Amino acid sequence: MIKLLLVEDDSTFSYIIKNELQEIIGGYEVITAGNGAEGLKAWEEYHPDIIISDIDMPVMNGYQMVERIREMDGDIPILFTSTLTSPKDVKKGYKLGVNNYVKKPFVPDELDAHIHAILKMKAGIKSRNENEHYKLGRFTLDAKHATLHNEDTGEKEVLTVREAKILQLFCENINETVERKAILSRFWDTEDDYFASRSLDVFITKLRKLLKDDPLIELKNIRSIGYVLIVT
């Protein structure tokens, strides 16, 4: 049974989603909170497997809650459900460390599919490399703790969880093409959503900037297909 924390200020909507999720075969144990402050407290007390949160809430909004959680936990999957899905809103959420967005309104079965996709991805990555340390030229990626260490300068760059996981995927496929649609499917649970696609572009640009100090590393674009991380 999946222990789920639902952070939602609309009590009627929260009640409906909670009841319908708990009726899905396989089951959920759903803990609810009415705003980000209550969500933060519930996360600390109940240690859920995943957090589903609205953004626009009183007392403490979803962005603020996620920022606080990510200061202490870079691993727990967090999914935003919101009507705030402009490119600016999406980029802000991913920068803070959310794993996915679901646009309101949605049906519980849709949410259930997103949850299982995220948890499956998380489990799959961990089974491949428990240590989650990768050597890239003068860099070492610690995917588990979302840091990139420059061994020459001693500098350590703190990444968002999503940045670390995308770079980890490239590290697991050095000098091999990783399809763009595969990245979108794994980290955004879509292959053709406009906002997810633009968000991926931002992540790729950021990773290139992080790696530019090593001339032997190139994150190359394969037109209309995807990317290849070349290490020579």
Side-chain angles (χ1 to χ4, degrees), residues 74 77 79 85-103 113-114 116-153 155-232:
L79 190 152
T85 55
S86 71
K88 181 179 179 181
D89 294 318
V90 171
K91 285 170 64 176
K92 182 175 181 179
Y94 284 134
K95 185 175 182 180
L96 290 172
V98 299
N99 298 88
N100 209 343
Y101 270 79
V102 175
K103 185 177 180 180
H114 282 287
H116 279 89
I118 289 173
L119 293 178
K120 182 178 179 181
M121 177 192 71
K122 178 186 172 188
I125 290 173
K126 287 199 168 185
S127 67
R128 284 193 296 272
N129 188 330
E130 288 293 340
N131 188 39
E132 297 189 78
H133 282 75
Y134 300 86
K135 182 68 176 173
L136 283 172
R138 67 182 62 174
F139 297 99
T140 298
L141 169 67
D142 181 347
K144 184 175 182 179
H145 298 98
T147 59
L148 185 66
H149 184 215
N150 188 322
E151 304 290 350
D152 286 358
T153 65
E155 295 179 355
K156 184 175 289 187
E157 181 79 23
V158 178
L159 310 176
T160 67
V161 173
R162 189 178 292 260
E163 286 168 353
K165 294 303 182 184
I166 292 174
L167 185 53
Q168 178 182 14
L169 178 62
F170 286 128
C171 289
E172 292 171 343
N173 296 276
I174 292 289
N175 299 326
E176 295 180 4
T177 300
V178 179
E179 292 187 358
R180 182 180 177 89
K181 64 181 181 180
I183 301 172
L184 289 169
S185 178
R186 174 175 288 192
F187 297 102
W188 281 270
D189 198 29
T190 183
E191 291 185 3
D192 56 6
D193 179 80
Y194 173 81
F195 297 118
S197 183
R198 297 287 71 78
S199 182
L200 174 57
D201 291 339
V202 172
F203 276 81
I204 294 298
T205 299
K206 173 70 178 297
L207 292 177
R208 284 184 174 131
K209 288 180 178 178
L210 291 174
L211 299 171
K212 68 181 178 60
D213 288 341
D214 192 329
L216 300 181
I217 299 175
E218 180 184 7
L219 182 52
K220 186 176 181 180
N221 180 50
I222 308 299
R223 190 184 179 99
S224 301
I225 298 176
Y227 310 93
V228 56
L229 182 62
I230 300 172
V231 180
T232 56

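Nothing fancy with the numbering, it's 1 onward along the sequence. What you see is a predicted model; the values in this text were computed from it and never measured.
- When every heavy atom of I118 is checked against every heavy atom of P77, the shortest pair comes out as CG2-CB, 3.4 Å.
- Taking CG from L148 and CG from D142, the interatomic distance works out to 10.0 Å, rounded to the nearest 0.5 Å.
- Legend: residues meeting side-chain hydrogen bond (donor to acceptor under 3.5 Å, both in side chains) with E151, ordered by chain and number and at least two apart, are T140, H149.
- Judged by distance alone, with hydrogens and angles left aside, the side-chain atoms of E163 form a donor-acceptor pair with the main-chain N or O of T160 at under 3.5 Å.
- Annotation for F195 and V90: closest pair CB-CG2, 4.3 Å, computed over non-hydrogen atoms.
- Note that CD of Q168 and NZ of K144 are 11.5 Å apart. Values are rounded to the nearest 0.5 Å.
- Applying the salt bridge (charged side-chain N to carboxylate O under 4.0 Å, His left out) rule to pairs touching residues 217-232 yields nothing, sequence neighbours excluded.
- Nearest heavy atom pair, residue C171 against residue L136, reads SG-CD1, 3.4 Å.
- Scanning all heavy atoms of the two residues, the minimum distance from A164 to A143 falls at CB-O, 4.0 Å.
- Residue pairs meeting the ring pair (Phe, Tyr, Trp, His ring centres under 6.0 Å) criterion with at least one partner in residues 209-232, sequence neighbours excluded, are absent.
- A donor-acceptor distance shorter than 3.5 angstrom exists from the side chain of N175 to the backbone of V231, with no hydrogens or angles considered.
- Looking at D201 and R198, a side-chain N of the basic residue comes within less than 4.0 Å of a carboxylate O on the acidic one, giving a salt bridge.
- Taking CG of D193 as the reference point, atom CG of L184 lies at 8.5 Å (rounded to 0.5 Å).
- Every residue two or more places apart in sequence or in another chain was checked for a salt bridge (charged side-chain N to carboxylate O under 4.0 Å, His left out) with D213, and none qualifies.
- For the atom pair L207 CG and I217 CD1, the distance stands at 11.5 Å (nearest 0.5 Å).
- Distance CG/L210 to CG/L159: 6.0 Å, rounded to 0.5 Å.
- Under the side-chain hydrogen bond (donor to acceptor under 3.5 Å, both in side chains) criterion, R138 pairs with D152, sequence neighbours left out.
- Across every non-hydrogen atom of G74 and V161, the tightest pair is O-CG2, 2.7 Å.
- Taking the side-chain contact (heavy atoms from CB on, under 4.5 Å) definition, one finds that E179 meets it with K181, A182, I225, sequence neighbours left out.
- Here the side chains of I183 and V178 are in contact, with some heavy-atom distance below 4.5 Å.
- Legend: residues meeting ring-ring contact (aromatic ring centres under 6.0 Å, His included) with Y94, ordered by chain and number and at least two apart, are Y101, W188.
- Taking 4.5 Å as the limit, some side-chain heavy atom of L211 sits within range of a side-chain heavy atom of L229.
- Contacts of S197 classified as side-chain hydrogen bond (donor to acceptor under 3.5 Å, both in side chains), with partners at least two apart in sequence or in another chain: R180.
- The salt bridge (charged side-chain N to carboxylate O under 4.0 Å, His left out) check on K91 picks up nothing, with sequence neighbours excluded.
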Margin query: With side chain to side chain contact (heavy atoms under 4.5 Å, CB included) as the criterion, how do N221 and I204 come out once you've worked through the C-alpha distance, each side chain's angles and the decisive distance to 0.1 Å?
Written below: CA-CA 9 Å; N221 180 50; I204 294 298; over 6 Å; no
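- The CG atom of N150 lies 12.0 Å from the NZ atom of K156; values are rounded to the nearest 0.5 Å.
- Listed by first and then second residue, the ring pair (Phe, Tyr, Trp, His ring centres under 6.0 Å) pairs involving residues 156-182 amount to none (not counting sequence neighbours).
- The two residues H114 and V102 make their nearest non-hydrogen contact at CD2-CG2, 3.4 Å.
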